[in-house]
Amino acid sequence: MAKGHSKLDGPDLVQGVAFADLPDGGKFVGHCGNEQVLLVRRGAEVFAIGAACTHYGGPLVDGLVVGDTVRCPWHHACFDLRTGEALHAPAFNPIACWSVELRDERIFVGEKRKRTAPKQRDKGSGQVPENIVIVGGGAAGFAAAEKLRREHYHGSIVMLSNDEAPPVDRPNLSKDYLAGKAPEDWIPLRRESFYSKNDIDLHLNADVVSIDARSGEVVLADGARTPYDRLLLATGAEPVRLAIPGADQPQVHTLRSLADCKAIIERATTARRAVVLGASFIGLEVAAALRLRDIEVHVVAPERRPMERVLGPQMGDFIRALHEQNGVLFRLEDTASSIDGTNVKLSSGNTLTADFVVVGIGVRPRTGLAEKAGLTVDDGVVVNAFLETSAPGIFAAGDIARWPDPHTGENIRVEHWVVAERQGQTAALNILGHREKFVAVPFFWSQHYDIPINYVGHAGQWDEIAVDGDIIAKDCLLRFKRKGRTLAVASISRDIESLETEVEMERQ
């Protein structure tokens with residue numbers, strides 16, 4: 001996570017700049033008082049907005065202008081140039097807007113405009129529900145609750161989370177926060193006051209055990225029953241557990257929640273050596289974070305190359321080399337067979353010594369509640385284009401949802417943070433009767449030391465990887481193709497091309 005600009009760049013926009021210095025479609029950064037401001041020109045119009053994305057502070061001057069919007073180069077958040085509203089997750093907070101005057105062939109930026117509530121949409125079809133229940137306190141559940149209130153919904157919102165912490169920025173748990181580079185006050189998606197201020201009834205440590213669709217109620221472990229008119233299942237995924245002797249010992253950790261992350265950090269404060277089981281995104285992000293804490297890290301995984309299944313052999317070799325340059329030791333084509341105290345025995349017969357173990361061998365969707373309720377399930381909860389399940393009035397979003405993806409023509413389920421948030425937002429609209437199809441292009445990012453990898457689209461299988469640029473030089477774009485059609489793109493240091501690919505896929 002990064003903050004915005006620390007010093008003021010560019011001209012004083014209050015004093016004005018020449019209109020001719022800002023070409024049509026162009027943008028540049030100046031300042032008004034002590035704030036950085038981005039000017040964007042579209043034809044004869046000029047917009048003045050906050051220069052930094054409200055998600056992680058990405059520089060919008062390096063982003064992409066699409067119509068009356070600008071997209072962040074880092075994680076593809078999208079903002080309305082006219083109102084500043086955050087249109088696409090992962091950003092939720094709006095950016096500031098300033099008044100602009102064109103006079104004597106010069107652009108003058110005036111006062112910061114007061115923030116106004118987003119314009120209310122036309123009412124959707126059907127009756128607006130009085131009671132909405134959201135089961136789950138992750139990305140999708142939070143995004144849905146936030147969107148409902150942003151859409152001027154005034155009914156009851158009950159959010160039931162089995163976590164002990166309010167919704168948090170989960171990607172940071174395996175990145176900067178775990179590495180000790182981000183303070184804890186950056187981790188909550190919103191402060192606790194947000195929920196009371198917006199009349200969102202958030203229940204923590206709440207275990208929902210069943211859905212009574214006939215009576216329109218969810219049943220909690222303590223026997224309490226919560227009524228709903230519309231229900232959103234956003235139960236997410238849970239880590240796959242090891243099924244080997246010793247896997248239940250206290251020094252063996254998984255990483256999914258803030259509590260999990262804090263437990264690993266506590267171990268890391270006195271540890272000298274760790275073993276990470278798994279060489280996919282979570283495992284290697286954990287490895288990178290622990291190396292930044294100067295802990296010796298051994299990564300054990302059955303694959304020949306890390307991340308090859310998702311990113312292909314060339315990127316897999318690059319990622320392995322990157323981690324080895326930073327001191328990570330790999331034990332590939334091997335698995336753990338048992339854990340006994342500080343000894344991790346491998347299937348190869350070798351033994352590694354570790355003060356603690358982090359298991360990152362994948363997650364599985366938490367579909368038990370849906371199955372028990374009789375909903376259609378197929379490696380996830382099956383939903384239609386509107387994210388509605390086989391039971392009318394019950395929706396699903398996030399890691400559990402298997403939806404008809406218009407870009408691949410397949411029913412897919414992905415475990416991406418931004419997808420979960422955007423599905424939560426779309427589900428909220430459909431709960432209100434707006435009948436909006438979920439058509440967002442899947443996107444995720446992964447951070448390894450100072451190298452971010454962005455991925456747009458979804459390619460479960462491919463028959464060709466076209467590489468543009470130089471992977472070793474950390475300047476590349478990989479196109480994953482099947483039968484000549486690009487299904488997904490992975491990139492390093494190609495932010496504009498990554499955004500352009502997203503827009504192109506949207507238009508298709």
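Atom CD1 of I394 sits about 5.0 Å away from atom OG1 of T389, to the nearest 0.5 Å. Annotation: the span from L499 atom CG to T501 atom OG1 amounts to 8.5 Å, rounded to 0.5 Å. From N454, atom CG reaches atom CZ of F443 across 4.0 Å, with rounding to the nearest 0.5 Å. Distance check: H407 NE2 to M505 CE gives 8.5 Å after rounding to the nearest 0.5 Å. How far CG of L322 is from CD1 of I492: 8.0 Å, rounded to the nearest 0.5 Å.
The side-chain tip of R41 does not point at the ring of F47 from less than 6.0 angstrom away and within 45° of straight on. Stacking of R422 on the aromatic ring of F438 is not recorded, the 6.0 Å distance cut-off and the 45° axial limit not both being met.
The residue from Y455, F444, W445 that alone fulfils the side-chain contact (heavy atoms from CB on, under 4.5 Å) condition with F281 is F444.
The shortest side-chain heavy-atom distance between T54 and F79 falls under the 4.5 Å cut-off. When side chains are defined from C-beta on, I265 counts as touching L178, because their heavy atoms get closer than 4.5 Å. Contact of the K147 side chain with the F92 side chain is not registered, since no non-hydrogen atoms from C-beta on lie closer than 4.5 Å. Within the 4.5 Å cutoff, no side-chain heavy atoms of I496 are placed close to those of D62. For the pair F108 and V14, the minimum side-chain heavy-atom distance is 4.5 Å or more.
The pair R71-E506 counts as a salt bridge, with a side-chain nitrogen and a carboxylate oxygen less than 4.0 angstrom apart. By the 4.0 Å N-to-carboxylate-O rule, K483 lies too far from D463 to be salt-bridged with it. Using a cut-off of 4.0 Å between Lys/Arg side-chain N and Asp/Glu carboxylate O, R190 and D185 are scored as not salt-bridged. Residues E415 and R413 are paired through a salt bridge, judged by an N-O separation under 4.0 Å between the basic side chain and the carboxylate. The existence of a salt bridge linking R304 and E308 is excluded, since no basic side-chain nitrogen approaches an acidic carboxylate oxygen closer than 4.0 Å. In summary, E101 and R106 do not engage in a salt bridge, as defined by a charged side-chain N under 4.0 Å from a carboxylate O. Electrostatic pairing of R82 and D68 counts as a salt bridge here, judged by a charged N lying under 4.0 Å from a carboxylate O. Electrostatic pairing of R494 and D468 counts as a salt bridge here, judged by a charged N lying under 4.0 Å from a carboxylate O. Using a 4.0 Å cut-off between charged nitrogen and carboxylate oxygen, E464 and R482 do not count as a salt-bridge pair. Classification of R42 and D24 as a salt-bridged pair fails, no side-chain N sitting under 4.0 Å from a carboxylate O.
Under the 30°/60° scheme for interplanar angles, the aromatic rings of F142 and F194 are found to be tilted.
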Start with the C-alpha gap between D176 and Y56, add the side-chain angles, then the distance that decides, and say whether side chain to side chain donor-acceptor pair (under 3.5 Å) holds.
-> CA-CA 12 Å; D176 286 356; Y56 279 10; over 6 Å; no
How far apart are the C-alpha atoms of Y177 and K262, what are their side-chain angles, what is the distance that settles it, and do they pass the side chain to side chain contact (heavy atoms under 4.5 Å, CB included) test?
-> CA-CA 9 Å; Y177 181 65; K262 286 183 173 181; 3.9 Å; yes
Go through the steps to decide whether W403 and V381 satisfy the test side chain to side chain contact (heavy atoms under 4.5 Å, CB included), and finish with yes or no.
-> CA-CA 8 Å; W403 82 97; V381 180; over 6 Å; no
Side chain to side chain contact (heavy atoms under 4.5 Å, CB included) evaluation trace for L232 with V135 = CA-CA 6 Å; L232 174 62; V135 180; over 6 Å; no
Stepwise side chain to side chain donor-acceptor pair (under 3.5 Å) check, S446 with E285 = CA-CA 8 Å; S446 186; E285 287 180 355; 2.7 Å; yes
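For the residue pair S498/D495, the side-chain donor-acceptor check at 3.5 Å is not satisfied.
The two residues L204 and A165 make their nearest non-hydrogen contact at CD2-O, 3.7 Å.
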